[in-house]
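Just so you know, these numbers use all the heavy atoms, side chains as well, and skip hydrogens, waters and symmetry mates. Remember, it's a predicted structure, so these values are computed and weren't measured experimentally. Within every chain, numbering begins at 1; the chains are lettered A, B, ... in the order of the sequence lines, protein sequences first and strands thereafter.
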Amino acid sequence: MEKQKLPVSEIPKVYDPKQVEKNWYQHWLDRGYFRASADPRKKPYSIVIPPPNITGILHMGHALNNTLQDILVRYHRMTGRQALWMPGTDHAGIATQNVVEKSLREEGLTRHALGREKFLERVWKWRQKYGNTIIRQLRRLGCSCDWDRTRFTMDEGLSQAVREVFVRLYEKGLIYRGKYIINWCPRCQTALSDEEVQHKEVTGHLYYLKYEIEDSGGQTVTIATTRPETMLGDTAIGCHPDDERYHHLKGKTALLPLLGRRLRIIQDEEIDPQFGTGVLKITPAHDPVDFNLAARHGLEAVNIFRPDGTLNENAGPFVGLDRFEARRKIITELEDRRILLETKEHLHSVGHCYRCQTIVEPYLSLQWFVRMEPLAKPAIAAVKKGKTVFTPGRWTKVYLDWMTHIKDWCISRQIWWGHRIPVWYCGRCRTAEVLREIEAGAGKRTTGGGKAYAEPGMMVCRQAPEACRTCGSTELTQDPDVLDTWFSSWLWPFSIFGWPEKNKDLRYFYPTSCLVTGYEIIFFWVARMMMAGLEFMGKEPFKEVYIHGIVRDETGAKMSKSLGNAVDPIRVIDQYGADALRYAIVSITSEGQDVYASEEKFEVGRNFSNKIWNAARFVLMNLDPGLSLSKPPRRASLSPIDRWILSRLNQAIAGVSLSLDRSRFNEAVSTLYDFFWHEFCDWYLELSKPAIKSLPTQWTLAHVLENTLKLLHPFMPFITEEIWQRLPHRGDSIMISPWPAADKAWIDRKIEGELQLVVGEIQAIRNVRAAWQINPKDSVTVAIKTAREKEQGILKDYSTTIVQMAKVSSLQIGKNIKRPKESAVANVGRVETYVVLSGLVDIQVERQRIEAALADVEKMIRGLRSRLANRDFLTKAPREIVEKEQKKAEELENRKKRLEENLRTLC
RNA sequence: GGGCGGUUAGCUCAGUCGGUUAGAGCGUCUGAUUUACAUUCAGAAGGUCCAUGGUUCGAAUCCAUGACCGCCCACCA
């Protein structure tokens, strides 16, 4: 974009982000600055985006997550690394299917009515229409992803990687199929992994039921349960073998109320005698504990639910009822028959579907699983050895705990949108008998020891086979299920580079440098990527995992669209600008803590943008057209004030770089805010006004501004580019300009210290003015004829400057006298009003002021003296601390003397 | 049941290796305006750093115990 330099007078007073953001983003795209490719001359820096769901709409969590990534990428790009940010989206199996099904419902359609193929066409269409919303929104945020490389988890290449991984794991004996209790969502009608179930504490009820013992003359046993409807599937009852209360039940049989089924009475160590009555009803098909007990004791499993959560034929008179309705009916029935003895409130946690919040049902069904333990071992080792580091470190433990107690991963989903399981079955080989055997194989783990799981007539292939390998039949059907969404996401860090093909990008950019994500997907995603990366690439997928907090609203609720409390980042960008949003969200994110977003935070960001804008406006207004930034003036020609701000600048460069290297984003941004606003603008800009015609000062203004813009660029890319383009810069864009290096030669602690003293003096004068209650309107009398004038060196220079600025005048306080008309005074700006004539002092007030100050100083001196008199302190504290304190004490003594002298002269 | 995080100004929060008189933003109050910026500037008020005990010359910071708030994990029938 060729930008005509506006005459300064036409730079608007208020920063307007709209056009600026659009133009510069397009400029960056046009010039290809986001692109990165393998370049052996440079060090790589790579990040893969946590792929947002295609159903996603940018929320504050995304804004935080992606701003942090963009900061890292932009920073490292400027430091000269080959920085790549790989973007992409996730097909989000269940979530997307739900969305499309919902839109079908509005048309009065169901996916079943439509059929699998037609339905998938609809999903693809939906994806084409809405699936890139979030990508567009990320661009508005300013994300510098290499968009040409954008991937989608259902792209052909990534799908191929999925099949490859499935087959390899299968051949290694790490994938098997089996009939187990899994988490079933009756609404989505699919299996869920353990991680996809959210447990919530709810107050339910504990029902005490009376079961009759067979042939015992009416003896009964009382059993406590939270889910009475599952009694219909009971096939046994049990107690702890050492529970003396129930020894008389050994070998007996109980009778199931309502249905009259005969129930074995078993003993098992796993049954807790403390819970309820100590007797457990055993429902193998609907409870994981019971399922295990049943496997040990050879009990039959009776399934009483249909996939949609209604009761099936096994439920006798309750067939067809919904599970919760059935619960109510059964309770009433049991009450009527006096089988329900007691109902107590009971706090327990109930699993909910993470997609639709329906209560999840433990359900016995045939599913595919990944055997995780062998995969977890290297993933544990890699983190223990520090190959991958978590920031903040406390997540290491969370990760390791989960990995150590890892359970097998249920990967099949009974939905249509996703990667179809690459398994085919031969209709001829799978006779009714074979199928019965498979069905009957509940609980038997048929694989292990490196051998592939096998079923007659089953083929696991990378491509659809033409014919059955055993009998040659072409009567083949593919497994109808699809894979868990995360089965493609866990390959993301290498599948996006074209794995299994070995190529330059993979070699150059893998392992990636940093993964930025929230803690809610450590188990879903981070841990599994570690396993996949180590298994298939032989290397950890990232050097660092940066875990940030969750964005909440002011009341602490997790922001979500459904709660209606979400602050829409796009609205914030429209209203305040992307830079303001980015600044705000970073400034409130301290390491790993959850953050609370609110309107006022974005206002602070907008105000900061505007401050930057106006400071730049001032500098540009005063810059000599011939000034060259690349030709620094001789050091001697710089005023002490110039040298002060240059020193401060270099401290800021060092501080910001260090903070970024340590991933302390909020620290970096606050350093910049303080430096820019409270040092550069409040002091330097004001003090530069009298010297504004001086070229060295102009150079300093422009130089400090330019370098601060660079430091700010990763955080606030748009406004920094806009201003930088108006400066006499070199190069095409700030985003590819080199990151400033802190030049130690410029850091001058002496000048900083001395100017701090002067600043202190000015502050003291401000205080005097306040104490005297001088209305500056009346009292522009300005002088700094203090003792300081006699002092040597910088202090004197500085005081002189102020005197010059102020144009000492002899106006008197209290009279409404017009301000002097000298232009110099007008130019002085705000500083002028701070400086006040000494001499015309209310002696009483001044004495009070000095006495108060003296008291303060004396108090501090007492504290210091007692410390310095302490032998332990002198011998045990580090020397530099002691020296610092001694110096401080001296300074205080001097100050005290001055104050006392002032007091004497007053009297 | 296990684990993690938090408790600092009226509000929201920083506070690194234990070391000056504990900071910021917002809010409140007082004042400023020929100004790059009212999306601005100056000033003031406002603190038992959750409690108790310990370590230390020195603790908001380290240790122990407890309280309260929040989160995560677990086969809490």
Side chain of [X] only, heavy atoms from C-beta on: which candidate in [options] is closest?
{"X": "A:Thr226", "options": "B:A77, B:A36, B:A74", "value": "B:A77"}
{"X": "A:Glu885", "options": "B:C26, B:A77, B:U20", "value": "B:U20"}
{"X": "A:Asn666", "options": "B:U40, B:C41, B:A14", "value": "B:A14"}
{"X": "A:Phe523", "options": "B:A77, B:C26, B:C72", "value": "B:C72"}
{"X": "A:Ala877", "options": "B:C57, B:C76, B:C37", "value": "B:C57"}
{"X": "A:Tyr673", "options": "B:A36, B:G25, B:U16", "value": "B:G25"}
{"X": "A:Leu685", "options": "B:A36, B:C26, B:C75", "value": "B:A36"}
{"X": "A:Lys876", "options": "B:U16, B:C57, B:A77", "value": "B:C57"}
{"X": "A:Arg394", "options": "B:G5, B:C37, B:C57", "value": "B:G5"}

Report the distance from atom [atom1] of [X] to atom [atom2] of [N], rounded to the nearest whole Å.
{"X": "A:Tyr180", "N": "B:C75", "atom1": "OH", "atom2": "P", "answer": "17 Å"}
{"X": "A:Asp682", "N": "B:A36", "atom1": "CG", "atom2": "P", "answer": "14 Å"}
{"X": "A:Arg867", "N": "B:A59", "atom1": "CZ", "atom2": "C1'", "answer": "13 Å"}
{"X": "A:Ile723", "N": "B:C37", "atom1": "CD1", "atom2": "C1'", "answer": "12 Å"}
{"X": "A:His199", "N": "B:C71", "atom1": "NE2", "atom2": "P", "answer": "16 Å"}
{"X": "A:Glu196", "N": "B:C72", "atom1": "CD", "atom2": "C1'", "answer": "17 Å"}
{"X": "A:Asn610", "N": "B:U40", "atom1": "CG", "atom2": "P", "answer": "8 Å"}
{"X": "A:Glu883", "N": "B:G19", "atom1": "CD", "atom2": "P", "answer": "18 Å"}

Under 3.5 Å for both donor-acceptor distances, Watson-Crick or wobble: does [N] have a partner, and if so which one?
{"N": "B:G47", "result": "none"}
{"N": "B:A67", "result": "B:U7"}
{"N": "B:C41", "result": "B:G31"}
{"N": "B:U55", "result": "none"}

Heavy atoms only, 4.0 Å cut-off, all strands: where does [X] land among base, sugar-phosphate and nothing?
{"X": "A:Arg871", "result": "nothing"}
{"X": "A:Arg606", "result": "base"}
{"X": "A:Glu201", "result": "base"}
{"X": "A:Val14", "result": "base"}
{"X": "A:Ser349", "result": "base"}
{"X": "A:Leu347", "result": "base"}
{"X": "A:Lys397", "result": "sugar-phosphate"}
{"X": "A:Asp287", "result": "nothing"}
{"X": "A:Lys407", "result": "sugar-phosphate"}
{"X": "A:Pro878", "result": "base"}

If the cut-off is 4.0 Å, is [X] near the phosphate of [N], judged by side-chain N/O to OP1 or OP2?
{"X": "A:His678", "N": "B:U40", "value": "no"}
{"X": "A:Lys888", "N": "B:U21", "value": "no"}
{"X": "A:Lys611", "N": "B:C37", "value": "no"}
{"X": "A:Lys601", "N": "B:C13", "value": "no"}

Check: A:Phe291 and A:Ile282 side chains under 4.5 Å, non-hydrogen atoms
no
Beyond-backbone contact of A:His240 with A:Tyr246, side-chain heavy atoms, under 4.5 angstrom:
no
Ion pair [X]/[Y], N-O distance below 4.0 Å:
{"X": "A:Arg726", "Y": "A:Glu722", "value": "yes"}
{"X": "A:Arg227", "Y": "A:Glu361", "value": "yes"}
{"X": "A:Arg528", "Y": "A:Glu195", "value": "yes"}
{"X": "A:Glu229", "Y": "A:Arg323", "value": "no"}
{"X": "A:Glu893", "Y": "A:Arg865", "value": "yes"}
{"X": "A:Lys18", "Y": "A:Asp16", "value": "no"}

Under the ring pair (Phe, Tyr, Trp, His ring centres under 6.0 Å) criterion, do A:Phe608 and A:Tyr583 qualify, and how do the steps go?
CA-CA 9 Å; A:Phe608 188 38; A:Tyr583 168 82; 5.1 Å; yes
Atom [atom1], compared across [N] and [M]: separation rounded to whole Å:
{"N": "B:A60", "M": "B:A22", "atom1": "P", "value": "10 Å"}
{"N": "B:C49", "M": "B:A24", "atom1": "C1'", "value": "16 Å"}
{"N": "B:C62", "M": "B:G5", "atom1": "P", "value": "11 Å"}

Given RNA chain B, 5'-ward residue of the pair A:Phe608 and A:Glu600, judged by closest heavy atom:
A:Glu600
First of A:Ser587 and A:Ala615 reached from the 5' end of RNA chain B, by closest nucleotide:
A:Ser587
Evaluation steps, ring pair (Phe, Tyr, Trp, His ring centres under 6.0 Å), between A:Phe524 and A:Tyr354
CA-CA 12 Å; A:Phe524 274 120; A:Tyr354 83 140; 5.4 Å; yes
Does anything in residues 658-667 of chain A pair up under salt bridge (Lys or Arg N to Asp or Glu O under 4.0 Å), and if so which pairs, sequence neighbours excluded?
none
For RNA chain B, the residues among residues 264-282 of chain A that have a non-hydrogen atom under 4.0 Å from it:
A:Glu270, A:Ile271, A:Asp272, A:Phe275, A:Val279, A:Leu280
Chi-based syn or anti call at B:C4, which uses purine or pyrimidine torsion atoms and a 90° bound
anti
